[in-house]
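The structure appears right after this line, and notes come after that.
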Amino acid sequence: MAFTAEKEALVVDSWNAMKVDAAELGLKFFLRIFEITPSASGLFPFLRDTSVPLEKNPKLKRHAMSVFAMTCEAAVQLRKLGRVILKETTTKHLGATHAKAGITGEHFELMRYALLETIREAVPYMWSPKMRNAWAESYDQLVEAIKKEMRPVA
Ligand code: HEM
């Protein structure tokens, strides 16, 4: 099914509303992930061996914003091009980084769930099944692009 301009707008408009409070959003997103799977925090090198509290960790916020912003960008591409095309260097780098960090399909599923729940709580007045599906489709296609470049680490 085509990724329509309506779907693109559902993602872009809600992202524009949410990013006003990016720090809070990013924190809630990751707290949700770690609440469901506490061991996931061990995947992030910058969370190991640090006394910096989660909410003050700039790298965690940066990762959260990458996920939101790149999913939004994926929605724009899906509408324009019908598929997600990242710069080759970006996909290769993201594929390699995530493979090296031991990220699995289950982690991507966990993040997908947390992403949708975080959005639902952040903009309840915009939330609808259509909006949920537009975010989910964009996220899934983005993850497919990253996974294609994830090779087992020797
Ligand atoms: C690193 C994006 C999913 C864990 C990164 C980086 C980006 C990124 C941009 C930084 C790469 C660099 O600068 O070297 C994304 C996107 C995702 C996604 C767009 C999904 C659409 C996940 C998931 C997990 C995860 C599901 C685990 C639950 C990590 C880890 C690193 C990383 C552990 C390396 C951090 C470090 O070494 O400092 N990701 N990520 N990512 N990501 Fe993701």
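Read the numbers this way: they start at 1 and go in the same order the structure lists the ligands and their atoms. Side chains included, hydrogens not; waters and symmetry mates left out as well; all remaining heavy atoms used. On a predicted model such as this, the values are computed, not experimentally measured, just so you know.
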Ligand-protein N/O pairs under 3.5 Å (ligand 1):
from	atom 1	to	atom 2	distance (Å)
ligand 1	14 (O)	His93	NE2	2.7
ligand 1	39 (N)	His63	NE2	2.8
ligand 1	39 (N)	His98	NE2	2.9
ligand 1	40 (N)	His63	NE2	2.9
ligand 1	40 (N)	His98	NE2	2.8
ligand 1	41 (N)	His63	NE2	2.9
ligand 1	41 (N)	His98	NE2	2.8
ligand 1	42 (N)	His63	NE2	2.8
ligand 1	42 (N)	His98	NE2	2.8

(message) Between Leu110 and Ile36, is there a side-chain heavy-atom distance shorter than 4.5 Å?
(response) yes
(request) Please name all residues satisfying salt bridge (charged side-chain N to carboxylate O under 4.0 Å, His left out) with Lys87, sequence neighbours left out, ordered by chain then number. (result) none
(request) Tell me, please, which residues at least two apart from Tyr113 pass ring-ring contact (aromatic ring centres under 6.0 Å, His included). (result) none
(request) Identify whether the distance between the nearest side-chain nitrogen and carboxylate oxygen of Glu121 and Arg32 falls below 4.0 Å. (result) yes
(request) Only counting residues at least two apart or in another chain, list the ones meeting salt bridge (charged side-chain N to carboxylate O under 4.0 Å, His left out) with Asp13. (result) none
(message) Centroid separation under 6.0 Å, is that true for the rings of His63 and Phe30?
(response) yes
